[in-house]
Amino acid sequence: MISLPDKHILSKSTFMRGSQCTKSLYLHKNQPELKDEISEQQEATFDRGTSVGELARKIFPGGIDASPESSYEYQKSVAVTQELINSGECIIYEAAFQFEGVLAAIDILVKEGNEWRAYEVKSTTRVKETHIQDAALQYYVITNAGILLSDISIVHLNNQYIRIGELDLRQLFIVESILEEVNDNQDFVADKILELKAVINMREEPIVEIGEHCHAPYSCDFEGHCWRHIPQPSVFDISRLRAKKQFDLYNQGIIRFEDITEDVPLNFNQRLQVSSHLNKTEYLDRSGIGEFLSGLSYPLYFLDFETFNPAIPLYDHNRPYQQIPFQYSIHHKENRDGELRHDEFLALPTSDPRLAFIERLITHTEGLGDILTYNQNFEKTRLKELARDFPEYAAALIDRISRINNDSTMHIP
Ligand code: SF4
């Protein structure tokens with residue numbers, strides 16, 4: 001019969017949550033019903049992390065998985081991990097440990113000779129500050145639970161890796177030791193754990209004003225609760241106004257557009273946004289638009305791409321997170337009075353879409369005429385990448401790039 005530890009008080013994710021904002025931790029533990037709904041994009045990010053993690057295990061093959069069957073059974077994982085260690089297992093996936101009510105699992109734990117090494121897998125292409133904090137907690141819990149770690153590393157994707165043929169996992173992943181940084185953070189972790197345990201037991205939620213911490217390092221899922229007093233529009237809706245400036249204004253009580261006086265430093269476009277909203281007026285740069293339109297050469301093509309960017313390269317000549325065009329829509333007007341025609345392309349989901357994409361696009365834009373895009377930098381960069389990866393089509397693609405009208409992104413002066 002395995003003896004299980006008591007249910008944990010803090011985990012790695014609640015430690016990170018509390019380090020970002022104590023109120024977020026309190027609400028998560030005491031009023032989780034106030035949370036915002038998870039967006040589809042957030043769910044996709046979780047899925048991406050899982051598939052990268054499973055692939056990274058293959059660098060250390062043959063291990064035993066100590067994952068719990070559900071997130072409610074982590075104490076079972078702690079006991080299973082201990083059993084695996086006692087029985088001489090040298091590679092454990094999702095090894096879980098608990099110390100003084102704090103739970104931490106590590107993606108891969110490996111014993112080489114008499115030394116244990118820990119590896120945490122991240123689907124990013126570099127080590128971030130939050131990864132160090134994350135790993136510092138893991139190191140604290142694992143070593144205090146009795147496993148002396150000789151090293152702890154982040155395993156992340158290598159954005160310079162180009163796939164040719166089968167995935168080369170040793171090239172796809174970079175293993176970066178962060179032992180020194182983790183050691184430097186051990187006192188911080190010990191103090192923070194004490195502070196956060198006290199927060200969880202508070203009678204009322206801690207008073208924390210909204211601030212830049214609501215969005216960094218992670219977007220907080222209690223925004224709907226904490227930001228409900230912010231009207232719309234507010235200084236947080238001003239285009240391209242940096243977060244620090246937005247909160248400077250907010251902290252001075254300048255929140256609504258009506259609160260923004262002439263002496264608030266805004267650039268021309270920002271001022272225009274505010275005054276247009278307040279005065280319910282539209283701004284049309286007629287001469288700028290006229291100048292732009294008179295410079296266009298027919299036939300005109302109106303092009304828009306869709307891409308996806310898988311973390312793990314799926315096809316030859318792909319890097320991690322490379323944008324892969326798979327769909328486009330193109331409207332076409334032969335002359336000023338001509339009929340507006342439409343062509344489109346949508347790849348099959350079963351194979352590399354790029355060759356068919358290129359061939360169809362070249363056919364649909366054959367000849368002369370300007371190509372207008374919603375975001376010319378994005379479309380031009382994708383076409384340059386296609387010319388690089390499919391050099392036999394480079395000349396035709398460079399011709400299409402040269403026809404993307406350089407002024408097709410309109411700017412208000
Ligand atoms: S929304 Fe901001 S203030 Fe509210 S809990 Fe989250 S991080 Fe803290």
Side-chain angles (χ1 to χ4, degrees), residues 7-49 71 74 101-104 120 122-124 127-138 140 185 188-257 259-260 264:
K7 175 106 177 87
H8 59 276
I9 304 163
L10 278 172
S11 65
K12 191 181 69 170
S13 64
T14 49
F15 175 83
M16 295 302 285
R17 181 185 279 277
S19 300
Q20 181 170 339
C21 174
T22 50
K23 184 175 173 184
S24 173
L25 174 65
Y26 177 93
L27 292 173
H28 172 77
K29 287 282 187 183
N30 297 293
Q31 286 178 277
E33 68 281 4
L34 297 178
K35 264 186 204 172
D36 304 331
E37 276 180 22
I38 295 181
S39 69
E40 280 180 19
Q41 196 181 1
Q42 284 168 314
E43 273 184 35
T45 307
F46 297 150
D47 291 348
R48 177 187 281 163
S71 55
Y74 260 110
V102 185
L103 171 85
E120 183 68 6
K122 299 292 177 191
S123 53
T124 53
V127 175
K128 294 184 178 175
E129 191 52 44
T130 48
H131 300 161
I132 308 244
Q133 231 186 76
D134 224 51
L137 178 82
Q138 290 166 314
Y140 177 88
N185 273 281
F188 164 81
V189 168
D191 293 345
K192 200 52 132 179
I193 287 172
L194 290 178
E195 180 196 338
L196 298 182
K197 281 181 177 173
V199 166
I200 292 169
N201 289 323
M202 285 170 79
R203 285 170 169 228
E204 287 176 15
E205 66 180 51
I207 296 169
V208 180
E209 252 299 355
I210 61 167
E212 289 184 64
H213 58 270
C214 296
H215 302 126
Y218 304 105
S219 274
C220 179
D221 45 10
F222 287 104
E223 230 188 89
H225 172 66
C226 297
W227 286 62
R228 62 191 187 283
H229 61 294
I230 302 295
Q232 273 204 329
S234 73
V235 290
F236 298 105
D237 298 305
I238 296 179
S239 169
R240 293 172 190 254
L241 188 64
R242 301 235 312 263
K244 178 167 180 337
K245 263 186 148 182
Q246 292 175 339
F247 281 106
D248 281 351
L249 294 175
Y250 172 77
N251 291 327
Q252 294 169 54
I254 301 170
I255 302 172
R256 303 168 310 148
F257 277 13
D259 304 329
I260 299 170
V264 170

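It should be emphasised that the depicted structure is a prediction, and the values quoted were computed from it without experimental measurement. In this chain, numbering begins with 1 at the start of the sequence shown. Atoms within each ligand, like the ligands themselves, are counted from 1 in listed order.
At least one side-chain heavy atom of Phe188 sits under 4.5 Å from a side-chain heavy atom of Gln133.
Looking from atom 6 (Fe) of ligand 1 to the surrounding protein, the closest heavy atom is Cys220 SG, 2.3 Å. Regarding atom 8 (Fe) of ligand 1, its nearest protein heavy-atom neighbour is Cys21 SG, 2.3 Å. Of the protein's heavy atoms, Cys226 SG, 2.3 Å lies nearest to atom 4 (Fe) of ligand 1.
Among the atoms of Cys214, none of the N, O or S atoms falls under 2.8 Å from atom 4 (Fe) of ligand 1.
A salt bridge does not link Lys245 with Asp248: none of the charged nitrogens is closer than 4.0 Å to a carboxylate oxygen.
Remark: the backbone N or O of Ile9 is paired with a side-chain donor or acceptor of Lys29 at under 3.5 angstrom.
Between Trp227 and His215, the ring planes lie tilted relative to each other; the angle falls in the 30° to 60° range.
Near Ser24, the atoms of ligand 1 lying under 4.0 angstrom from a non-hydrogen atom of the residue are 5 (S).
Residue Leu249 holds its CG atom at 6.0 Å from CG of Leu241, rounded to the nearest 0.5 Å.
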